[in-house]
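Scroll down for the structure; my scribbles are underneath it.
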Amino acid sequence: MQEITQTEEYKIVVETLAKSDKIFLMSNRMSETLLPYMYYILSRLRPNIYKLNYGTPAWENVDLEDPKKSLIFTTVFPRYSRSLLKKMQDLNDKGFKIISITDSRLSPIVKCSKVALISPITISSVFDVYSTPLLLINLLMRDISNKIPNIDQRLNQIEEMNKNEHSFLL
């Protein structure tokens with residue numbers, strides 16, 4: 001993981017996720033299970049984060065967004081979803097910038113990604129193990145937070161809201 005975080009690709013992903021106007025998190029099937037975690041943290045760090053679920057109007061209508069102001073972030077792991085890859089190719093053809101996390105340079109998402117971070121997974125017969133890409137997402141969130149101006153003020157405001165709403169038991 002430390003090697004990945006030292007690459008030029010990783011630095012580009014951090015900068016892009018910190019500064020893009022709008023970010024749309026999109027995936028489906030098993031690969032999508034990583035995005036709720038990322039969405040929760042990233043939406044705390046900065047505004048204009050949207051998680052789009054496959055088969056919803058928001059998923060279908062993302063094509064109507066301005067590609068110059070929108071970033072598509074996706075996770076794509078085996079068995080590669082045909083519907084996800086088709087959607088990403090369509091968005092790429094329309095000029096959207098796509099960043100992906102996938103398992104291999106041979107992954108079909110690489111050819112339509114501006115940047116693809118490679119994070120291997122453990123493939124098993126029942127359920128694949130996604131702990132490595134989850135760790136990569138966690139490292140991305142840490143490094144993105146360091147690039148966002150006034151992040152301490154924003155996090156303090158969130159903490160104050162949590163305190164006022166008695167969000168936590170202790």
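No hydrogens, no waters, no symmetry mates; every other heavy atom, side chains included, goes into these values.
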**Report entry** Residue pairs passing the ring-ring contact (aromatic ring centres under 6.0 Å, His included) test where at least one lies in residues 72-94, sequence neighbours excluded
**Finding:**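 Residue pairs passing ring-ring contact (aromatic ring centres under 6.0 Å, His included), neighbours aside: F77-Y130.
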Please enumerate all residues that pass salt bridge (Lys or Arg N to Asp or Glu O under 4.0 Å) together with [X], with sequence neighbours excluded.
X    : answer
D21  : none
K111 : none
K11  : none

Is there a path of hydrophobic side-chain contacts, each under 4.5 Å between heavy atoms of I, L, V, M, F, W or Y residues, that connects [X] with [Y]?
X    : Y    : value
I98  : I144 : no
I118 : L135 : no
L17  : L117 : yes
V110 : V13  : no
F24  : I41  : no

**Report entry** Within residues 39-55 or reaching into it, pairs that qualify as side chain to side chain donor-acceptor pair (under 3.5 Å) - sequence neighbours excluded
**Finding:**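 Output for this query lists E32-K51, Y40-R44, N48-Y50, K51-N53.
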Report task. With sequence neighbours excluded, give me every side chain to side chain donor-acceptor pair (under 3.5 Å) pair touching residues 144-154. Result ->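 The answer is E15-K147.
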Shortest non-hydrogen contact between [X] and [Y], atoms and distance:
X    : Y   : value
S70  : E65 : OG-CB, 3.6 Å
I148 : A18 : CG1-CB, 4.3 Å
P133 : L34 : CB-CD1, 3.9 Å

When you measure from the side chain of [X] to the backbone N and O of [Y], does any donor-acceptor pair fall under 3.5 Å?
X    : Y    : answer
N138 : L134 : no
S100 : T102 : no
S107 : D103 : no

Show me the side-chain donor-acceptor pairs of residues 1-9 shorter than 3.5 Å, one per line, residues at least two apart or across chains.
| unit_1 | atom_1 | unit_2 | atom_2 | d |
| --- | --- | --- | --- | --- |
| T5 | OG1 | Q2 | O | 2.9 |
| T7 | OG1 | I4 | O | 2.8 |
| T7 | OG1 | Y10 | N | 3.1 |

So, using side chain to side chain contact (heavy atoms under 4.5 Å, CB included) as the criterion, who are the partners of [X] when residues are at least two apart?
X   : value
L84 : S27, N28, W59, T74, V76, S81, M88
K97 : T16, L71, K114
D63 : K87, L91, K94

**Report entry** From CA spacing to verdict: side chain to side chain contact (heavy atoms under 4.5 Å, CB included), L52, L25
**Finding:** CA-CA 6 Å; L52 308 184; L25 307 177; over 6 Å; no
Between [atom1] of [X] and [atom2] of [Y], what distance do you get to the nearest 0.5 Å?
X    : Y    : atom1 : atom2 : value
S119 : I101 : OG    : CD1   : 6.5 Å
I137 : T75  : CD1   : OG1   : 6.5 Å
I151 : L45  : CD1   : CG    : 4.5 Å

Requested in this report: Please list, chain by chain and in numerical order, all residues satisfying side-chain hydrogen bond (donor to acceptor under 3.5 Å, both in side chains) with S20, sequence neighbours excluded.
Outcome: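 Partners of S20 under the side-chain hydrogen bond (donor to acceptor under 3.5 Å, both in side chains) test: none.
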Got a list of side-chain donor-acceptor pairs under 3.5 Å for residues 163-170, not counting sequence neighbours?
| unit_1 | atom_1 | unit_2 | atom_2 | d |
| --- | --- | --- | --- | --- |
| N164 | ND2 | E160 | O | 3.4 |
| S167 | OG | N162 | O | 3.3 |
| S167 | OG | N162 | OD1 | 3.4 |

Report task. Apply side chain to side chain contact (heavy atoms under 4.5 Å, CB included) to the pair I72 and V62, showing each step before the final yes or no. Result -> CA-CA 9 Å; I72 307 296; V62 71; 4.1 Å; yes
**Report entry** Any side-chain heavy-atom pair of P36 and T33 under 4.5 Å
**Finding:**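 P36 vs T33: side chains apart.
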